[in-house]
Amino acid sequence: MAGGEDLKLLGTRQSMFTQRVVWALKLKGIEYEFIEEDLVNKSSLLLTLNPVHKKVPVLVHGGKPIIESKIILEYIDETWKERPILPQHPHDRAYARFWAAFIDDKLMEASKKAFALTGDDQVKAIESTVEALQLLEKELHVKKNFGGDEEIGYLDIVAGWIAYWFQFIEEVGGFKVMESAKFPCLDSWTKSFLQVPTITQNLPPPDELRFVFGAIRTATCPK
Amino acid sequence: MEKSDLKVKVLGTWSSPFVMRARIALNMKSVNYEFLQERLWEGKSERLLKSNPVHKKVPVLIHGDKLICESLIIVEYIDEVWPSAPSILHSDPNERAIARFWAAYLDDKWFPSMRSIGFARGEDEKKAAIAEFEKGLVLLEKAFGNCRKGKPFFGGDQIGYLDIAFGCFLGWLRVTETTSGIKLLSEAKTPALINWAHRFCSDAAVKDVMPDTEKLAEFAKMIASKRRGEAPPKS
């Protein structure tokens, strides 16, 4: 099988970013060793491999680290050509990269604030989250998947946290914006995304996410 | 081949480092393009709002009827549509990943830390901002040593993706040096990058789009006074 002994993935099961890499590797049938990291007590291995950001995931291939989940996805697609995850045409690739950046910058930032803040600040953050979701809803209109294909691809993988992690962000953060009536396309995409076997077989249990998010909120929420 | 015959336009400003990236990439590929200048300090035009409704920012690459936004995404697009030499991205996936990593670092951490120097209020804040910024420069000096493998540029013998991603900020870096009174790129701390900067600015694809430092400094003053609500200077 492709990959083998010289491919390792440092990450955590609860991390939405780690899971992106897991999904990509599994979709392509690539073998790897998973090294579970303790993010409270970061290992010297992690700190050596990612000294700049000290974060997971880190893919280590032939001893060389690759960092940042979206960069890892591109690396995986360029190294193992079977079952491509990025589209072929330059314009479609630019589209996928653009919306991936939007999801990780605008939507993620707004959601994090809605999760961590309270009062008026939270209200504003929730509005920003809704605005970002509305833009995504528009993009999904008349598409099955974000890439427009029958099979999931790069942009679906990057958006994956919306299909699963987002509900726990809402629950622990104490807000609710994702309603099927307001976001029918996102709702439909979520349902079909969560039916893909590679995805459902590689999701952290709800209680683990509730625990981790609960701990983060306690640590970061202003008193 | 039909794709590469379509009309190319860049929506942007002469002062934006991000717009520079797109123009350098097109110059490297010898692609003719029309430069549509926006006057952002006067507000965002209908043309800009239509071309980039999500972010309302420059640059926007207009290729035939396609609109591509976000400078680094535009650079990759240009490299893919016009794959003839010179390549902008390395062919090796690991080298590409390293270049993309540092480009993201520049945009997410390093450039914002440079802007913080300009926005700092009081000596203490300024000192802290400069210290943070210089930490980043040390990382970049080291990264340059690792990436270049003895060659003149991050990209090797010729400028590449990371040279473009980083070099576009040199104009504003010089303005920051002038206004803060501190040498940020120095022989003492960043000897390799200082030489790299000269080489980059002299490159054929760069020299006509790199803004003149004095002009940029005047422009920065104009923007700053507009922000403060002052009348524009008489000259």
Side-chain angles (χ1 to χ4, degrees), chain A residues 6-7 21 49-55 57-81 86-109 131-139 154-155, chain B residues 3-4 6 22 25 29 52-57 59-83 88-110 112 135-136 138-140 142-143 146 161:
Chain A
D6 69 349
L7 189 64
V21 180
L49 293 171
N50 189 0
V52 176
H53 300 305
K54 308 175 175 50
K55 285 182 176 176
V58 180
L59 187 72
V60 191
H61 188 205
K64 295 182 184 172
I66 301 102
I67 298 158
E68 303 279 284
S69 62
K70 294 195 296 292
I71 293 176
I72 296 172
L73 291 178
E74 296 234 23
Y75 176 85
I76 289 170
D77 213 35
E78 287 163 7
T79 306
W80 293 281
K81 308 270 190 207
L86 270 119
Q88 294 306 303
H89 296 289
H91 183 250
D92 295 333
R93 293 160 72 85
Y95 175 91
R97 287 165 177 151
F98 175 87
W99 285 104
F102 176 85
I103 285 167
D104 276 3
D105 299 342
K106 288 271 167 357
L107 178 62
M108 180 86 62
E109 199 193 307
E131 271 166 30
L133 286 171
Q134 282 167 342
L135 284 170
L136 287 174
E137 175 74 13
K138 237 174 92 178
E139 285 311 304
Y154 170 85
L155 190 47
Chain B
K3 210 171 231 166
S4 39
L6 296 168
K29 302 284 187 176
N52 189 355
V54 175
H55 298 302
K56 309 173 177 56
K57 285 182 176 175
V60 181
L61 182 75
I62 303 166
H63 185 207
D65 61 349
K66 303 265 192 276
L67 301 164
I68 300 97
C69 304
E70 300 287 280
S71 60
L72 294 174
I73 293 176
I74 291 172
V75 171
E76 294 223 31
Y77 175 85
I78 289 168
D79 204 30
E80 289 166 9
V81 170
W82 291 277
I88 297 177
L89 274 110
H90 204 286
S91 54
D92 174 68
N94 194 264
E95 298 290 334
R96 292 158 78 93
I98 292 169
R100 285 173 177 143
F101 171 82
W102 286 110
Y105 172 81
L106 285 161
D107 281 3
D108 297 341
K109 298 264 182 301
W110 187 77
K135 269 203 290 199
V138 167
L139 284 177
L140 290 161
K142 195 163 161 219
N146 292 333
Y161 179 84

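Keep in mind that what you see is a predicted model, and the values were worked out from it rather than measured. Naming: A, B, ... by sequence-line order, numbering from 1 per chain.
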Pairwise distance CG(A:N50) to CZ(B:F101) - rounded to 0.5 angstrom
6.0 Å
Out of A:K70, A:K106, A:E68, A:R93, return the one with the most heavy atom pairs under 4.5 angstrom to chain B.
A:R93
Heavy-atom contact with chain B under 4.5 Å, split by part of A:I67:
both
Rounded to the nearest 0.5 Å, what's the gap from NZ on A:K64 to CD on B:E95? Could you check?
7.0 Å
Tell me, do A:Y75 and B:R100 make a side-chain contact under 4.5 Å, heavy atoms counted?
no
To the nearest 0.5 Å, what is the distance between CD1 (A:I71) and CD1 (B:I98)?
10.5 Å
Would you mind checking which part of B:I78 comes under 4.5 Å of any heavy atom in chain A, side chain (CB onward), backbone (N, CA, C, O), both or neither?
neither
A:H89 ring center within less than 6.0 Å of B:Y77 ring center:
no
Taking A:I76, A:V52, A:T79 one by one, which has the highest count of heavy-atom pairs under 4.5 Å against chain B?
A:V52
Test item: A:Y95 and B:K66 side chains (from C-beta on) under 4.5 Å apart, heavy atoms:
no
Do NZ/NE/NH1/NH2 and the carboxylate oxygens of B:E70 and A:R97 come within less than 4.0 Å?
no
In this structure, which one of B:V54, B:L67, B:I68 forms a side-chain contact (heavy atoms from CB on, under 4.5 Å) with A:F98?
B:V54
Go through the atoms of B:R96 and report whether side chain, backbone, both or neither lie under 4.5 Å from a heavy atom of chain A.
side chain
Looking at B:K57, I want to see if its NZ is surrounded by more than 12 non-hydrogen atoms of other residues, nucleotides or ligands under 6.0 Å.
no
